[in-house]
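Reading through the structure tokens given below for one structure.
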Amino acid sequence: VSATGSGFRASAFIATSLDGFIARPGGEIDWLPAGEDDGEDYGYARFMSSVDALVMGRASFDKVLSFDAWPYGDTPVIVLTRRHLEVPPGLAATVTASADPPERLATDLPARGIHHVYADGGITIGRFIRACLLDEIVITRIPVLIGEGIPLFGTVTGDVPLEHLTTTAYPSGLVQSTYRFAYAGPAVHSAR
Ligand SMILES: NC(=O)c1ccc[n+]([C@@H]2O[C@H](COP(=O)([O-])OP(=O)(O)OC[C@H]3O[C@@H](n4cnc5c(N)ncnc54)[C@H](OP(=O)(O)O)[C@@H]3O)[C@@H](O)[C@H]2O)c1
């Protein structure tokens with residue numbers, strides 16, 4: 001089931017500090033646990049296998065490029081940017097840049113066989129929410145306060161109700177909650 005009924009769904013899968021940040025002010029994510037804990041991947045592989053592509057903001061893409069290894073294999077990655085994007089040659093087959101708004105992506109991507117996207121980056125997730133196009137969000141809370149940073153959620157144009165689906169408390173102390181967005185009726189959708 002999608003928010004649009006058009007065969008397009010967007011989900012987010014993101015970790016936050018207990019005080020709600022996705023990165024320090026300069027983008028550092030050193031406070032995130034590195035990789036798996038005792039083989040526990042917190043549902044990441046299963047989530048990844050459910051998506052056809054990632055749609056990530058330029059800031060998140062730049063961060064991922066700094067990692068030792070490219071984490072997304074052959075999964076297509078669409079990088080949202082209003083600037084020229086230099087794609088490293090090794091990634092030319094999977095990474096493309098786009099300046100399209102979420103509404104346009106929702107209309108165009110299904111024709112390319114992309115029906116479920118992983119929206120990543122705080123600004124990007126906010127843009128999908130404001131377009132009423134984020135269907136689900138999985139938030140994994142790390143038990144640490146970092147005091148300041150890039151928030152997961154930004155401004156909204158009105159209250160955005162969500163339906164809580166499930167919460168899992170892991171032995172490691174990470175707490176993961178899944179919410180479904182319950183956008184207000186047809187008026188909101190027709191206003192897009
Ligand atoms: N904790 C986690 O699980 C997690 C997950 C993902 C990311 N992160 C961290 O979050 C940080 C990045 O998040 P973020 O919220 O700063 O940004 P983001 O969503 O990753 O990217 C924001 C970028 O999107 C582009 N953009 C904005 N509006 C646009 C428009 N109308 N059309 C096209 N492109 C547009 C802009 O790039 P241009 O300026 O090039 O136009 C903007 O800088 C990084 O530090 C990353 O490490 C953490």
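In listed order, ligands and their atoms are each counted from 1.
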Inset, instruction - Return the residue, atom name and 0.1 Å-rounded distance of the protein heavy atom closest to atom 36 (C) of ligand 1. - result: Arg82 NH2, 3.4 Å
Legend entry - Check: Asp19 and Ile146 side chains under 4.5 Å, non-hydrogen atoms: yes
Inset, instruction - For the pair Phe181 and Tyr183, name the ring-plane relationship: parallel under 30°, tilted 30 to 60°, perpendicular over 60°. - result: parallel
Legend entry - Audit row: Leu152, Ile14, side-chain contact (heavy atoms from CB on, under 4.5 Å) steps and yes/no: CA-CA 9 Å; Leu152 170 54; Ile14 194 154; 3.8 Å; yes
Inset, instruction - May I have the step-by-step check of side-chain contact (heavy atoms from CB on, under 4.5 Å) for Ser172 and Tyr42, ending in yes or no? - result: CA-CA 10 Å; Ser172 62; Tyr42 304 100; 2.8 Å; yes
Legend entry - Beyond-backbone contact of Leu85 with Arg58, side-chain heavy atoms, under 4.5 angstrom: yes
Legend entry - Those atoms of ligand 1 less than 4.0 Å from some heavy atom in Arg58: 21 (O), 23 (C), 24 (O), 37 (O), 40 (O)
Legend entry - Proximity flag Met56 to ligand 1, non-hydrogen atoms under 4.0 Å: no
Inset, instruction - Number the atoms of ligand 1 from 1 as they appear, then name those within less than 4.0 Å of a heavy atom of Ile14, with their elements. - result: 2 (C), 3 (O), 4 (C), 5 (C)
Legend entry - Nearest option to atom 10 (O) of ligand 1, as decided by whichever heavy atom of Ile123, Thr16, Ile22 sits closest: Ile22
Inset, instruction - Fit a plane to each ring of Tyr44 and Phe13, take the angle between them on a 0 to 90° scale, and name the class: parallel (under 30°), tilted (30 to 60°) or perpendicular (over 60°). - result: perpendicular
Legend entry - Nearest option to atom 19 (O) of ligand 1, as decided by whichever heavy atom of Thr124, Thr140, Val64 sits closest: Thr124
Inset, instruction - Flag Trp31 as yes when one of its N or O atoms lies below 3.5 Å from any N or O atom of ligand 1, and as no otherwise. - result: no
When the side chains of residues 160-169 are checked against the rest of the protein, which donor-acceptor pairs come out under 3.5 Å, sequence neighbours left out?
| from | atom 1 | to | atom 2 | distance (Å) |
| --- | --- | --- | --- | --- |
| Glu163 | OE1 | Arg180 | NH1 | 3.4 |
| His164 | NE2 | Thr166 | O | 3.4 |
| His164 | NE2 | Thr167 | OG1 | 2.6 |
| Thr167 | OG1 | Ser177 | OG | 2.8 |

Inset, instruction - Go through ligand 1 atom by atom and flag the ones less than 4.0 Å from a non-hydrogen atom of Ala23. - result: 9 (C), 45 (O)
Inset, instruction - Could you tell me which non-hydrogen atom of Glu136 sits nearest to which non-hydrogen atom of Thr178, and how far apart they are? - result: OE2-CG2, 3.8 Å
Inset, instruction - Walk me through it: do Leu105 and Phe128 pass the test side-chain contact (heavy atoms from CB on, under 4.5 Å)? - result: CA-CA 10 Å; Leu105 296 169; Phe128 272 80; 4.2 Å; yes
Inset, instruction - Please examine the side chains of Val77 and Trp70, heavy atoms only from C-beta on, and report whether any two atoms are closer than 4.5 Å. - result: yes
Legend entry - Proximal atoms of ligand 1 relative to Gly122 (non-hydrogen, under 4.0 Å): 13 (O), 14 (P), 15 (O), 19 (O)
Legend entry - Selected option - heavy-atom contact closest to atom 20 (O) of ligand 1, from Pro102, Pro151, Ser60: Ser60
Inset, instruction - Considering heavy atoms of the protein only, find what lies nearest to atom 25 (C) of ligand 1 and give residue, atom and distance to 0.1 Å. - result: Leu80 O, 3.3 Å
Legend entry - Nearest protein heavy atom with distance in Å, relative to atom 1 (N) of ligand 1: Ala15 O, 2.7 Å
Inset, instruction - May I ask you to list the atoms of ligand 1 that are less than 4.0 angstrom from any heavy atom of Ile150? - result: 11 (C), 15 (O), 16 (O)
Legend entry - Closest protein heavy atom (residue, atom, distance) for atom 6 (C) of ligand 1: Asp120 OD1, 3.2 Å
Inset, instruction - Check each atom of ligand 1 against the heavy atoms of Gly27 and keep those under 4.0 Å away; list them by number with element. - result: 45 (O), 47 (O)
Legend entry - Salt bridge Arg112-Asp108, side-chain N to carboxylate O under 4.0 Å: no
Legend entry - Atom indices of ligand 1 within 4.0 angstrom of Ile29 heavy atoms, with elements: 47 (O)
Legend entry - Thr81-ligand 1 polar pair, N/O distance under 3.5 Å: yes
Inset, instruction - Can you sort out the partners of Arg127 under salt bridge (Lys or Arg N to Asp or Glu O under 4.0 Å), two or more places apart, ordered by chain and number? - result: none
Inset, instruction - For Gly57, counting its heavy atoms only, list the atoms of ligand 1 lying under 4.0 Å from any of them. - result: 18 (P), 19 (O), 20 (O), 21 (O), 24 (O)
Inset, instruction - Check whether the side chains of Gln176 and Thr140 place a donor and an acceptor atom closer than 3.5 Å, and report yes or no. - result: yes
Inset, instruction - For atom 35 (C) of ligand 1, grab the closest protein heavy atom and report residue, atom and distance to one decimal in Å. - result: Arg127 NH1, 3.6 Å
Inset, instruction - Say whether Arg83, considering both its backbone and side-chain N or O atoms, lies within less than 3.5 Å of an N or O atom on ligand 1. - result: yes
Legend entry - Name of the residue among Val64, Thr94, Leu91 meeting side chain to side chain contact (heavy atoms under 4.5 Å, CB included) with Tyr72: Val64
Legend entry - Close approach of Arg24 to ligand 1, heavy atoms, under 4.0 angstrom: no
Legend entry - Location of contacts on Lys63 toward ligand 1, heavy atoms closer than 4.0 Å: side chain
Legend entry - Protein heavy-atom partner closest to atom 17 (O) of ligand 1 - residue, atom, separation in Å: Ala59 CB, 3.6 Å
